[in-house]
Asker: 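Pasting in a structure now, in structure tokens, and then I'll have a few things to ask.
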There are 2 protein chains.
Amino acid sequence: MPGYYLFYSMETQVITVREHIIQTACKLFHEQGYNLTGINQIIDEAGLAKASLYYHFPSKEDLCVAYLQRRNKLWFDGLESYLNGTSEPRHRIVKTFDFRALHLENNNFGGCSYIKIISEMPQRGEKINRQVLLQKEKQRLFFLELTRLAIGNRKTAARVADTIFLLFDGGTVQCQVYREVTPLQVARRAVVELLDGL
Amino acid sequence: MPGYYLFYSMETQVITVREHIIQTACKLFHEQGYNLTGINQIIDEAGLAKASLYYHFPSKEDLCVAYLQRRNKLWFDGLESYLNGTSEPRHRIVKTFDFRALHLENNNFGGCSYIKIISEMPQRGEKINRQVLLQKEKQRLFFLELTRLAIGNRKTAARVADTIFLLFDGGTVQCQVYREVTPLQVARRAVVELLDGL
DNA sequence: AAACAAGTAGACAGACTTGTCTGAATGCCG
DNA sequence: CGGCATTCAGACAAGTCTGTCTACTTGTTT
């Protein structure tokens with residue numbers, strides 16, 4: 001276990017410096033945007049020396065990759081815990097929309113990290129690009145698997161899942177724009193009717 | 001008509017300096033992102049003096065507002081011309097998705113300017129915020145009006161229109177992520193089935 | 001002729017950016 | 001004790017950013 005200078009996170013758990021950097025970057029990148037957050041601000045906020053940051057992350061882009069991975073982990077971990085006890089596939093799909101709304105509210109309607117980062121960096125680097133596609137694909141497959149379970153493994157399942165995924169992303173960005181949960185509630189209802197109509 | 005030093009745009013039309021600035025900023029902001037495009041690059045590309053730019057636009061933020069307005073005008077003008085001859089409301093809705101795909105392809109899958117700008121500037125200024133909400137609302141009302149015509153003025157029309165709008169934005173951002181038109185084609189099909197099922 | 005509008009070139013201020021580097025300190029492990 | 005990993009503080013390089021300013025030119029209008 002590397003890192004002997006340790007920090008305490010909000011839950012009073014001992015965490016490594018590396019973890020402390022990721023948490024700080026996660027917060028600032030998501031709240032202020034990647035380009036508007038400087039390395040200096042991150043180390044100030046985290047109370048670190050600059051060399052310590054560059055000891056763990058060779059560049060800002062590498063820190064960005066860690067940020068994206070962390071956001072994805074937080075999302076899926078939170079979702080899993082939210083869905084705990086719900087086994088019926090349709091309920092799981094619908095509750096995912098509920099959790100999304102909750103998640104956005106708790107994150108001040110900051111939107112989806114992946115959509116944000118590709119909006120900030122149209123000519124994005126290879127590492128970031130791969131990370132975005134990887135995580136988006138994870139989300140798509142999550143809905144695909146549940147849809148197959150929900151409506152039987154028909155050949156329409158893929159298209160239905162993609163439609164649900166479209167409503168999911170559409171709801172997410174519209175919540176970001178309007179800063180309220182209504183769009184995801186509309187999306188949720190559309191999903192229910194889509195599944196009921198089959 | 002102010003501006004006697006005139007430029008020639010691609011279509012060999014005489015345009016004012018102000019127009020030339022907007023066109024250049026439009027291209028660069030959308031291709032590279034707002035924060036990654038500097039004032040200096042804009043004047044270099046446009047072949048202008050810095051004072052000339054600040055003569056027409058007091059700040060970069062004001063130029064941003066003009067950029068957003070222009071993108072919206074280009075979109076709706078192009079759409080109107082694309083829909084010319086199509087009067088049936090359902091066809092108009094569906095063809096809007098076709099045009100969106102075409103439009104994104106022609107703009108190198110740059111995505112939606114409004115979603116991009118709020119992703120770049122989470123704590124956005126008042127002027128930009130107002131502009132984004134204004135234009136997004138225009139799009140929403142566009143679909144609402146057509147939906148009312150398409151399915152009759154039932155009370156479900158608003159919800160159907162909002163669902164279409166969700167599929168529209170979802171398709172747009174996913175096309176931006178994946179850099180291909182497939183998501184909008186899926187969205188288009190979902191819209192057709194949604195309207196047919198009523 | 002004088003005033004004004006609209007443009008030129010480019011220096012400048014003041015702040016910011018990422019990343020490197022030096023030099024020291026600390027704790028652990030063999 | 002020696003060596004290594006990890007962290008500190010902060011100067012520094014080399015560049016970027018927005019916005020202001022001076023000094024000048026040109027065409028139009030009064």
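Numbered from 1 within each chain, the chains take letters A, B, ... in sequence-line order.
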Asker: Counting N and O atoms only, with roles assigned by atom type, does the side chain of A:Lys95 sit under 3.5 Å from a partner on the main chain of A:Thr86, one being a donor and the other an acceptor?
Answerer: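 Such a contact is absent between A:Lys95 side chain and A:Thr86 backbone.
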
Asker: What closest approach, in Å, do A:Lys116 and A:Gly110 show between heavy atoms, and which atom pair accounts for it?
Answerer: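 Smallest heavy-atom distance, with atoms named: CD-O, 2.9 Å.
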
Asker: Expressed in angstrom and rounded to an integer, what is the separation of B:Ile42 atom CD1 from D:dT18 atom P?
Answerer: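 Distance, rounded to whole Å: 8 Å.
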
Asker: Return whichever of A:Asn40 or B:Ala49 has its heavy-atom-nearest nucleotide of DNA chain C closer to the 5' end.
Answerer: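 On the 5' side of the pair lies B:Ala49.
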
Asker: Using atom CD1 of A:Ile21 as one end and atom P of C:dT18 as the other, report the distance to the nearest whole Å.
Answerer: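 In whole Å, C:dT18 P lies 15 Å from A:Ile21 CD1.
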
Asker: Closest to the A:Tyr55 side chain: D:dA5, D:dC21, D:dA9?
Answerer: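 Out of D:dA5, D:dC21, D:dA9, the nucleotide with an atom closest to A:Tyr55's side chain is D:dA5.
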
Asker: What pair of heavy atoms forms the shortest contact from A:Thr24 to A:Ile42, and how long is it?
Answerer: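 Heavy atoms only, the tightest pair is CG2-O, 3.8 Å.
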
Asker: By side-chain contact (heavy atoms from CB on, under 4.5 Å), which residues pair with B:His56, not counting sequence neighbours?
Answerer: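 Expected list: B:Val17, B:Arg18, B:Ile21.
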
Asker: Rounded to whole Å, please give me the gap between CG in B:Leu28 and P in D:dT18.
Answerer: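 That distance rounds to 12 Å.
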
Asker: From CZ of B:Phe57 over to P of C:dG7, roughly how many Å is that when rounded to an integer?
Answerer: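 Nearest whole value for this atom pair: 11 Å.
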
Asker: Under the rule for side-chain contact (heavy atoms from CB on, under 4.5 Å), what residues qualify as partners of A:Asn72, not counting sequence neighbours?
Answerer: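 Counting only residues at least two positions away or on another chain, A:Asn72 forms a side-chain contact (heavy atoms from CB on, under 4.5 Å) with A:Phe76, A:Tyr114, A:Gln135, A:Lys138.
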
Asker: Atom CG of B:Leu36 and atom P of D:dT18: how far apart are they, to the nearest Å?
Answerer: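 Rounding to the nearest Å, CG of B:Leu36 and P of D:dT18 are 11 Å apart.
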
Asker: Nearest to the A:Lys50 side chain among D:dA5, D:dT18, D:dA11, which nucleotide is it?
Answerer: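 When the side chain of A:Lys50 is considered, D:dA11 is the closest of D:dA5, D:dT18, D:dA11.
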
Asker: Nearest whole Å is fine: how far is D:dC8 P from A:Ile43 CD1?
Answerer: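 A:Ile43 atom CD1 is separated from D:dC8 atom P by 10 Å.
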
Asker: Among the nucleotides C:dG10, D:dT7, C:dT18, which one has an atom lying closest to any side-chain atom of A:Val17?
Answerer: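 The nucleotide sitting nearest to the side chain is D:dT7.
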
Asker: For a quick test of reading the model: is some side-chain N or O of A:Ser52 closer than 4.0 Å to OP1 or OP2 of D:dC8?
Answerer: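 Checking D:dC8 against A:Ser52, a side-chain N or O does come within under 4.0 Å of OP1 or OP2.
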
Asker: Nearest whole angstrom, please: distance from the C1' of C:dA5 to the OH of B:Tyr54.
Answerer: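 Atom OH in B:Tyr54 sits about 21 Å away from atom C1' in C:dA5.
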
Asker: Rounded to the Å, how far apart are B:Leu53 CG and C:dA6 P?
Answerer: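 Rounding to the nearest Å, CG of B:Leu53 and P of C:dA6 are 15 Å apart.
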
Asker: Quick check on D:dT6: is either OP1 or OP2 less than 4.0 Å from any side-chain nitrogen or oxygen of A:His56?
Answerer: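 So the side chain of A:His56 is outside the cut-off, no N or O lying under 4.0 Å from OP1 or OP2 of D:dT6.
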
